[in-house]
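Throughout, a chain's letter reflects where its sequence line sits, starting with A, and its residues are numbered from 1.
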Amino acid sequence: MTKDIFVIAEHRRGEIRDITFELLTKGYELSKDGGRLHTVLLGFQNEKMIDELKPFSDGILNIDDEKLKDFNAEYYQMVLSNLLQEKKPFITLLGQTAFGIDLAPSLATALDMPYAADCIDIEIDKERVYTEKQIYGGKISSRVSLVENWGYMVSVRPGSIAPKEGELKAEVTAITSPLKEEIDYRRFVQYIEAAKGEVDITQAEVVVGIGRGLKEDKNLPLMEEFAKSIGGVLACSRPVVDAGWLSKDRQVGSSGKTVKPKLYIAVGISGAFQHVMGMKGADTIVAINKDPNAPIFTVADYGIVGDLFQIIPKLNEKVLEVK
Amino acid sequence: MNIAVCIKRVPETAEAAVNIDSSEKRIVEDQLVFDINEADNYALEEALLLKEKTEGDITLFTVGPKEADEVIKMGLAKGATCGVRITPENLDSLDSYTIAKLLAEPIKEENFDLVLTGCISSDAGNSQVGVTLAELLGIPHASLVINMEIEDDSVTVQRELEGGLLGELKIKLPALFTIQTGINEPRYASILGIKRAAQKEIKVVENITVEGMKTEIVRMYYPPAGKMAEILEGGVEEVSGKLCEILKGKGLL
Amino acid sequence: MNEILLGCIQCGKCTGGCPVSTRSTLNIRKLIYRSLIKIKDKNKDFGIWECTTCSTCSIRCPKGVNVVDYIIDLRSYEIEGGKVQPQVRDTLESVFKFGNPWGKIREKRADWIEGNGVNILKPGEKIEFLYFVGCTPCYETRTQEVAKAMVRVLKTASSNFAILGTQETCCGNEIKRMGELGLFEMLMEDNTKLFKEFDIGLLFTTSPHCYNTFKNEYPEIGFEVEHYTTVINRFIKEQRIKPKGNFEKKVVFQDPCFLGKQNDIFEEPREILGNIPGIELVEFERSRERSLCCEGGGGRMWVESESDAERLAATRVKDAADLGVDVIATACPFCLLTLEDAVKTTNLEDKIRVMDIIEILAESVNLETKNKD
Ligand SMILES: Cc1cc2nc3c(=O)[nH]c(=O)nc-3n(C[C@H](O)[C@H](O)[C@H](O)COP(=O)(O)OP(=O)(O)OC[C@H]3O[C@@H](n4cnc5c(N)ncnc54)[C@H](O)[C@@H]3O)c2cc1C
Ligand code: SF4
Ligand code: SF4
């Protein structure tokens with residue numbers, strides 16, 4: 001049995017996505033157990049991406065085919081199930097992203113391979129693989145074991161591994177694409193950009209993020225006023241957008257925008273990881289939440305446990321005083 | 001159009017304290033309130049909207065304990081045609097893969113044009129069941145669907161990608177979609193409606209044991225304290241003052 | 001056709017008195033007309049969710065048409081269809097799941113007590129006075145102060161009282177008025193069953209809304225139900241409560257619709273205020289039966305009006321300002337919240353305070369106990 005680790009590279013519109021480097025960092029660590037680390041790159045006209053990926057693994061398996069240009073789970077699965085069957089890597093890593101979520105479960109099933117989703121850590125112990133993950137919205141952690149098999153698949157939560165610089169020099173192996181006919185039952189059509197809104201929350205130095213704790217849109221003026229006083233813009237968690245209180249371009253998080261302001265104030269936001277992903281890069285994070293156990297306090301630098309409807313008006317007052 | 005919708009009964013844990021029981025493999029459920037999983041509720045609504053447009057039946061499937069009938073009844077009250085509850089003997093040790101396997105059997109028996117699931121459950125949060133099920137059924141899928149438009153035998157769907165980007169796909173039916181929250185506005189199931197639905201029969205599949213688990217929970221534990229915010233103590237006035245001082249000190253005000 | 005409406009002579013007195021008719025699309029007479037001549041179209045755009053179920057229309061109607069029940073009927077039709085505004089859906093789902101309309105979990109229902117030593121009733125126990133706190137004072141921070149004041153006052157009255165703690169569940173008054181009749185039935189049955197587990201002498205409520213439904217819509221409740229103003233007023237007369245401390249303020253009383261108009265309790269609140277030393281009590285031009293609704297009833301606490309016109313609470317607060325009062329007193333958590341909000345939006349925060357009568361009384365009584373200590 002090999003101890004090789006495969007990382008399925010993720011890219012979009014010709015750009016390697018950050019998660020790939022996170023996976024490669026973890027993969028490098030896992031490969032020290034006597035295996036080699038391979039980046040598996042499915043795409044079209046891959047040269048530029050190959051250059052970028054070279055320092056991060058021992059080998060790059062390159063499958064270059066126009067059909068693989070934009071992600072299509074059907075094509076990707078066909079290529080990968082062949083490849084994994086043949087090369088039999090010990091662990092195959094993907095991201096728990098729109099790409100990984102669409103691909104990993106069916107690929108693992110097709111290969112009858114144990115698959116652990118949404119992991120934040122992976123451990124090899126005597127031929128067995130264990131993963132750590134968060135459940136119940138981050139309130140509980142869980143250690144998961146994968147049943148014994150020749151190979152395992154794990155998808156990793158974005159942002160859970162700090163990427164390191166690569167120091168390797170990958171050997172590139174071209175693999176002929178096995179794809180022949182066009183698939184007509186699942187076709188990629190196009191990318192659609194989110195509608196541009198009036199403010200760009202990604203450019204703001206101070207962002208006030210509001211969540212479901214706001215309860216009703218009639219409470220918005222309170223937050224607008226506060227955001228104004230503190231010289232910031234309003235952003236929000238996803239339920240706020242779902243409810244139609246703020247427009248989609250204000251959403252922070254995995255399916256919204258990533259913001260890196262100097263100051264992020266999360267108000268009535270529980271701190272679900274999808275949200276945290278979009279704001280954890282802020283220099284200073286303040287959380288205001290009435291639940292002392294809300295996960296947001298584990299990412300914040302400063303926390304206030306209490307009712308936002310009492311705190312925000314008072315804070316607003318103080319901010320205006322100090323300014 | 002005949003539609004299958006997979007729904008799950010999950011505990012509401014957003015505000016409640018969540019505790020692990022002595023087995024360390026489960027949480028204590030006594031104090032918790034249960035409801036239909038949020039994303040599944042959007043999937044159900046999407047099916048109901050389609051039914052209003054195109055006629056046809058909606059069959060609900062759930063894997064869960066007897067109490068999971070509650071979410072089926074709620075779905076029936078909203079307008080689903082019938083429901084199937086699958087309760088294997090080893091319900092407690094199921095993983096996402098075996099849940100999908102249990103769902104696949106009865107779904108395969110009927111010819112559904114469309115299978116819908118939520119894109120994630122609020123308990124385990126694997127985002128795995130739907131896509132696995134599609135593979136077991138041998139039909140194409142799209143996950144994280146935030147928009148769908150049906151024309152004859154194909155569907156144009158938009159998937160929610162990262163950073164506000166959408167990916168548009170065209171998929172032939174039959175297909176499976178995992179539905180993202182926000183795709184529609186779920187309706188209300190009135191109590192009278194639920195009571196009326198209680199008279200409809202729910203098909204129960206039990207006395208079976210499923211094998212082939214791919215993962216197993218070794219142990220649950222409370223997240224390590226790790227990084228924790230400095231919690232400002234005091235009354236409203238005091239904490240507001242303290243925070244202002246800190247922000248000012250950092251040149252953020 | 002709707003039987004409730006038989007007898008309507010289209011005089012328009014209902015619309016004439018309807019507080020929301022001028023600021024929204026709701027025209028109740030027209031709505032009845034359409035129903036009488038069987039125009040079948042969706043009632044969606046007729047503003048049926050604007051109604052506060054204040055009952056002014058029913059009271060004014062010369063033919064005794066129960067107009068409010070008609071509104072409830074129209075709403076229940078929409079509820080059964082399921083396609084209601086998200087706020088309506090969320091409120092009702094919250095009551096179903098957690099027993100309160102505020103989306104809060106049951107375990108936190110008695111958190112407001114904060115170890116203040118309140119007797120929580122146990123099954124089988126006998127109690128002279130059961131204080132039914134109500135969902136809003138249990139969870140909503142401003143009105144929690146009202147419940148706390150109630151406890152302070154009751155303690156000085158050395159009365160034998162208890163609360164239900166986390167066993168307490170929504171009374172259903174608003175739920176019925178939002179048209180969710182099945183859920184109302186369920187709450188009524190559950191509450192009646194719960195009450196039977198104890199030996200209750202008398203139940204009194206913070207809110208006129210809870211009072212209204214327990215008093216008039218729970219056929220098998222099996223004990224006396226009163227609003228707290230009645231109980232407290234009696235205690236004052238019996239000298240069990242002695243307001244002593246001066247409350248040197250000009251005060252106007254806002255009659256809550258569910259207390260005054262709908263249940264004819266006009267004197268007790270005024271008598272309590274009259275017994276607090278120092279108070280100068282004045283009246284709104286429109287008061288008692290003619291009092292202006294605050295727009296907090298009938299589910300409107302959770303359903304925003306579509307209208308941009310001035311809120312009735314704002315009108316009321318401005319009237320109060322014209323009277324030159326320091327305090328608007330009321331005896332209903334919804335009035336308290338809507339009026340206080342209006343004080344903020346009209347920028348009258350420095351001039352006018354909105355208080356529940358029990359809070360004023362607690363200030364006055366507490367001075368006394370402080371002196372004693
Ligand atoms: C594929 C996918 C993508 C997603 N993308 C995103 C994304 O980009 N961004 C995002 O934000 N979410 C995203 N989500 C949703 C995410 O999982 C959470 O559901 C969401 O972030 C929760 O939002 P919230 O914190 O506002 O609400 P909740 O989790 O409901 O938290 C509300 C919080 O408010 C607190 N609170 C309530 N009342 C008060 C009060 N009066 N005072 C103070 N605090 C109060 C509560 O204690 C609670 O912690 C995504 C989900 C999926 C499946
Ligand atoms: S109950 Fe009040 S708000 Fe409703 S229609 Fe009658 S008068 Fe108008
Ligand atoms: S007041 Fe009575 S009789 Fe007159 S229009 Fe209204 S419902 Fe009809």
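- Using a 4.5 Å cut-off between heavy atoms, A:V286 contacts chain B through its side chain alone, with no backbone atom that close.
- Looking at B:K170, both its backbone and its side chain come within 4.5 Å of chain A, counting heavy atoms on both sides.
- With a 4.5 angstrom heavy-atom cutoff, A:S270 does not touch chain B via any of its atoms.
- Heavy atoms from other residues, nucleotides or ligands lying under 6.0 Å from CD of A:E321 number more than 12.
- The greatest number of non-hydrogen atom pairs below 4.5 Å with chain A, out of B:L161, B:L136, B:V157, is found for B:L161.
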**OP:** Walk me through it: do A:D112 and B:Y97 pass the test side chain to side chain contact (heavy atoms under 4.5 Å, CB included)?
**Re:** CA-CA 10 Å; A:D112 200 25; B:Y97 174 72; 4.0 Å; yes
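- Of all heavy-atom pairs between B:E160 and A:A98, the closest is O-CB, 3.7 Å.
- Within a 6.0 Å sphere centred on NZ of A:K215, other residues, nucleotides and ligands contribute more than 12 heavy atoms.
- Of the two parts of B:I217, the backbone and the side chain both hold a non-hydrogen atom closer than 4.5 Å to a non-hydrogen atom of chain A.
- In plain terms, the two heavy atoms of B:G125 and A:Q96 that are nearest each other are O-NE2, 4.3 Å.
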Start with the C-alpha distance between A:I230 and B:L247, add both sets of side-chain angles, then the distance that settles side chain to side chain contact (heavy atoms under 4.5 Å, CB included), and finish with yes or no. CA-CA 10 Å; A:I230 200 154; B:L247 297 181; 4.3 Å; yes
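- Note: A:I265 CD1 to B:L243 CG = 6.5 Å, rounded to the nearest 0.5 Å.
- Contacts of B:L133 with chain A are absent, with no heavy-atom separation under 4.5 Å from either backbone or side chain.
- Contact check on A:E148 versus B:K214 returns no salt bridge, with no Lys/Arg side-chain nitrogen under 4.0 Å from an Asp/Glu carboxylate oxygen.
- More than 12 heavy atoms of other residues, nucleotides or ligands shown are found within 6.0 angstrom of CD on B:E24.
- Ranked by non-hydrogen atom pairs under 4.5 Å with chain B, the options A:A117, A:S229, A:P105 are led by A:P105.
- Residue contact with chain A, scored on non-hydrogen atoms closer than 4.5 Å, involves the side chain of B:I120 exclusively.
- In this structure, A:D102 contributes its side chain and B:S143 its backbone to a donor-acceptor pair below 3.5 Å.
- Options B:M220, B:E162, B:Q128 differ in how many heavy-atom pairs under 4.5 Å they form with chain A, and the most are formed by B:E162.
- For the set B:N126, B:I171, B:V18, the entry with the most heavy-atom pairs within less than 4.5 Å of chain A is B:N126.
- Salt bridge B:E238/A:K318: absent, no basic N to carboxylate O contact under 4.0 Å.
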#### Entry: Candidate pair A:L107 and B:E135, rule side chain to side chain contact (heavy atoms under 4.5 Å, CB included), full reasoning
CA-CA 8 Å; A:L107 178 59; B:E135 180 66 27; over 6 Å; no
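- Counting heavy-atom pairs closer than 4.5 Å to chain A, the top residue among B:E168, B:K172, B:K248, B:Q158 is B:E168.
- The distance from the CZ atom of A:R186 to the CD1 atom of B:I139 is 12.0 Å, given to the nearest 0.5 Å.
- Counting all heavy atoms, side chain and backbone alike, A:F188 lies closest to B:L169 at CA-CD2, 3.6 Å.
- Heavy-atom neighbours of B:E149 CD from other residues, nucleotides or ligands within 6.0 Å: at or below the threshold of 12.
- Proximity to chain A is limited to the side chain of B:L144, based on heavy atoms less than 4.5 angstrom apart.
- With chain B as the partner, the residue from A:V305, A:I101, A:V319 showing the most heavy-atom pairs under 4.5 Å is A:I101.
- Contact tally against chain B (heavy-atom pairs below 4.5 Å) for A:V241, A:V206, A:N293, A:D184: the top residue is A:D184.
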Pair B:L253, A:L263 - check side chain to side chain contact (heavy atoms under 4.5 Å, CB included), show working.
CA-CA 10 Å; B:L253 274 186; A:L263 173 63; 5.9 Å; no
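- Heavy atoms from other residues, nucleotides or ligands lying under 6.0 Å from CG of B:D152 number 12 at most.
- When the shell of 6.0 Å around NZ of A:K69 is examined, it contains 12 or fewer heavy atoms from other residues, nucleotides or ligands.
- Minimum heavy-atom separation, B:V236 to A:I311: CG1-CA, 4.0 Å.
- Contact of B:T13 with chain A is made through backbone and side chain together, with heavy-atom distances under 4.5 Å.
- One side chain, A:E132 or B:Y221, offers a donor N or O that lies under 3.5 Å from an acceptor on the other.
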Apply salt bridge (Lys or Arg N to Asp or Glu O under 4.0 Å) to residues A:R143 and B:E216 and explain how you reach the verdict. CA-CA 9 Å; A:R143 184 173 173 84; B:E216 191 191 331; over 6 Å; no
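- Comparing B:E38, B:E230, B:E245, B:K25 by heavy-atom pairs within less than 4.5 Å of chain A, the highest count is held by B:E230.
- Note that OG of B:S240 and CD1 of A:I288 are 7.5 Å apart. Values are rounded to the nearest 0.5 Å.
- For chain B, the option among A:V144, A:T131, A:I140 with the highest count of heavy-atom pairs below 4.5 Å is A:I140.
- For the pair A:F71/B:R159, a side-chain contact is recorded, criterion being any heavy-atom separation below 4.5 Å from C-beta on.
- Contacts between B:I246 and chain A at a heavy-atom distance below 4.5 Å involve the side chain alone, from C-beta outward.
- For A:A110, the parts sitting under 4.5 Å from any heavy atom of chain B are the backbone and the side chain alike.
- Nearest heavy atom pair, residue B:H141 against residue A:S106, reads CE1-OG, 3.7 Å.
- Heavy atoms closer than 4.5 Å to chain B are found in the side chain of A:R13, but not in its backbone.
- The residue among B:V129, B:L232, B:D95 with the most heavy atom pairs within less than 4.5 Å of chain A is B:L232.
- Although no hydrogens or angles enter the test, the distance criterion places no donor-acceptor pair under 3.5 Å between the side chain of B:K250 and the main chain of A:T284.
- A donor-acceptor contact closer than 3.5 angstrom is absent between the side chains of A:S142 and B:R219.
- Contact of B:A175 with chain A is not made at all, since no heavy-atom distance falls under 4.5 Å.
- Heavy-atom pairs under 4.5 Å with chain B peak, among A:T258, A:I304, A:L146, at A:I304.
- For A:Q310, the parts sitting under 4.5 Å from any heavy atom of chain B are the backbone and the side chain alike.
- Between chain B and the options A:K133, A:M113, A:R17, A:K139, heavy-atom pairs under 4.5 Å are most frequent for A:K139.
- When all heavy atoms are compared, the tightest approach of A:Y115 to B:T215 is O-CG2, 3.3 Å.
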